[in-house]
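Here, residue 1 is the first one in the sequence, and each next residue gets the next number.
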Amino acid sequence: MDLLWRDRKRTIFGLPLSFTVYELEEERLFIRTGFLHVREDEVRLYRIMDLTFDQSFIQRIFGVGTIHCCSSDATKKDFDIESVKNAREVRELLSQKIEEQRQAKRMFYQEDLDAGYHEDE
């Protein structure tokens with residue numbers, strides 16, 4: 001598959017001095033962490049249900065941001081793509097690819113509009 005985006009988690013001063021690498025392909029997002037002991041998580045894009053952009057004051061100064069993802073993946077329910085460059089653009093790319101994958105796989109998520117409603121009240 002073609003790599004659409006790749007970045008590292010950025011640390012102090014927005015420098016990519018960490019051992020966390022994010023890679024986005026057409027159907028999957030990979031999160032690789034560690035140096036001696038390496039762990040690679042894979043999340044299918046159609047499983048991601050919601051994205052939130054977050055940027056602290058310090059992150060704004062250094063041009064990075066965090067994308068919070070809520071997914072239905074068994075091993076990666078909620079996770080962050082932390083301190084990456086151009087986080088807003090990455091969120092838009094990710095959102096577009098998520099929708100494409102949902103349509104390709106005919107997967108649609110419905111919000112529970114009756115959440116909290118009880119008939120006996």
Side-chain angles (χ1 to χ4, degrees):
M1 286 258 164
D2 290 332
L3 191 61
L4 302 174
W5 171 78
R6 182 179 198 270
D7 200 359
R8 287 184 178 273
K9 175 182 174 183
R10 302 199 176 240
T11 57
I12 191 163
F13 306 122
L15 299 172
L17 301 174
S18 81
F19 298 107
T20 301
V21 177
Y22 305 104
E23 294 181 342
L24 177 63
E25 292 182 352
E26 197 69 34
E27 296 182 9
R28 302 174 294 180
L29 174 69
F30 294 96
I31 303 169
R32 189 171 49 252
T33 57
F35 175 66
L36 296 176
H37 176 95
V38 177
R39 176 185 175 122
E40 184 170 283
D41 288 304
E42 172 188 329
V43 179
R44 297 276 174 181
L45 295 182
Y46 72 87
R47 292 185 179 273
I48 298 175
M49 298 177 291
D50 190 40
L51 299 172
T52 304
F53 171 77
D54 187 44
Q55 190 176 45
S56 69
F57 177 70
I58 297 296
Q59 285 179 321
R60 263 188 311 188
I61 290 172
F62 295 111
V64 298
T66 297
I67 303 165
H68 179 73
C69 304
C70 298
S71 82
S72 62
D73 189 78
T75 58
K76 277 286 208 200
K77 291 276 184 210
D78 291 352
F79 61 93
D80 290 331
I81 301 171
E82 294 183 71
S83 297
V84 292
K85 283 280 191 192
N86 305 312
R88 276 195 177 102
E89 291 84 5
V90 173
R91 181 193 63 189
E92 288 303 315
L93 174 63
L94 193 54
S95 181
Q96 175 187 356
K97 294 301 172 186
I98 289 167
E99 287 304 315
E100 287 174 10
Q101 287 304 304
R102 284 184 189 161
Q103 290 175 2
K105 298 193 181 322
R106 299 179 195 272
M107 300 287 296
F108 299 98
Y109 288 100
Q110 292 180 335
E111 292 186 35
D112 187 4
L113 298 177
D114 291 332
Y117 174 77
H118 300 288
E119 291 221 12
D120 54 330
E121 291 182 355

- Message: Return the CD to CZ distance between Gln101 and Arg28, rounded to the nearest 0.5 Å.
- Response: 10.5 Å

- Rounded to the nearest 0.5 Å, what's the gap from CZ on Arg47 to CG on Leu45? Could you check? 11.5 Å

- Establish whether Leu51 and Ile81 are linked, either directly or via other cluster members, by ILVMFWY side-chain heavy-atom contacts under 4.5 Å. yes

- Item | side chain to side chain contact (heavy atoms under 4.5 Å, CB included) between Arg6 and Val21, intermediate numbers included | CA-CA 7 Å; Arg6 182 179 198 270; Val21 177; 3.6 Å; yes

- Query: Hey, what do you get for CD (Glu82) to CD1 (Ile67), rounding to the nearest 0.5 Å?
  - Reply: 11.5 Å

- Between Lys85 and Phe62, is there a donor-acceptor pair closer than 3.5 Å when you use the side chain of the first and the backbone of the second? yes

Name each donor-acceptor pair under 3.5 Å that joins a side chain in residues 52-60 to protein atoms two or more places apart or in another chain, with its distance.
residue	atom	partner	partner atom	Å
Gln55	NE2	Val64	O	2.8
Ser56	OG	Gln59	N	3.2
Gln59	OE1	Ser56	N	3.0
Gln59	NE2	Thr66	OG1	3.0
Gln59	NE2	Ser83	OG	3.1

- Query: Can you list the steps and then say if Lys105 with Glu27 is a side chain to side chain contact (heavy atoms under 4.5 Å, CB included)?
  - Reply: CA-CA 10 Å; Lys105 298 193 181 322; Glu27 296 182 9; 4.1 Å; yes

Return all side-chain donor-acceptor pairs below 3.5 angstrom for residues 9-19, not counting sequence neighbours, or 'none' if the list is empty.
residue	atom	partner	partner atom	Å
Arg10	NE	Asp7	OD1	3.4
Arg10	NH1	Gly14	O	3.3
Arg10	NH2	Asp7	OD1	2.9
Thr11	OG1	Leu15	O	3.3
Ser18	OG	Lys9	O	2.8
Ser18	OG	Thr20	N	3.3

- List the atom of Lys76, the atom of Val43, and the distance in Å for their closest heavy-atom pair. CB-CG2, 3.9 Å

- Hey, could you give me the CZ/CG distance between Arg44 and Asp73, rounded to the nearest 0.5 Å? 10.0 Å

- Item | Qualifying residues under side-chain contact (heavy atoms from CB on, under 4.5 Å), relative to Glu92, sequence neighbours excluded | none

- Task: Say whether, by atom type as modelled, one donor and one acceptor occur between the side chain of Tyr22 and the main chain of Trp5 under 3.5 angstrom.
- Result: no

- Check against side chain to side chain contact (heavy atoms under 4.5 Å, CB included), Asp41 and Phe79: CA-CA 11 Å; Asp41 288 304; Phe79 61 93; over 6 Å; no

- Query: What heavy-atom pair brings Asp80 and His68 nearest, and what distance separates the two atoms?
  - Reply: OD1-ND1, 2.6 Å

- The reported gap from CD in Glu99 to CG in Leu94 (rounded to nearest 0.5 angstrom) is 10.5 Å

- Item | Nearest-0.5 Å distance that lies between atom CD in Glu42 and atom CG in Leu29 | 9.5 Å

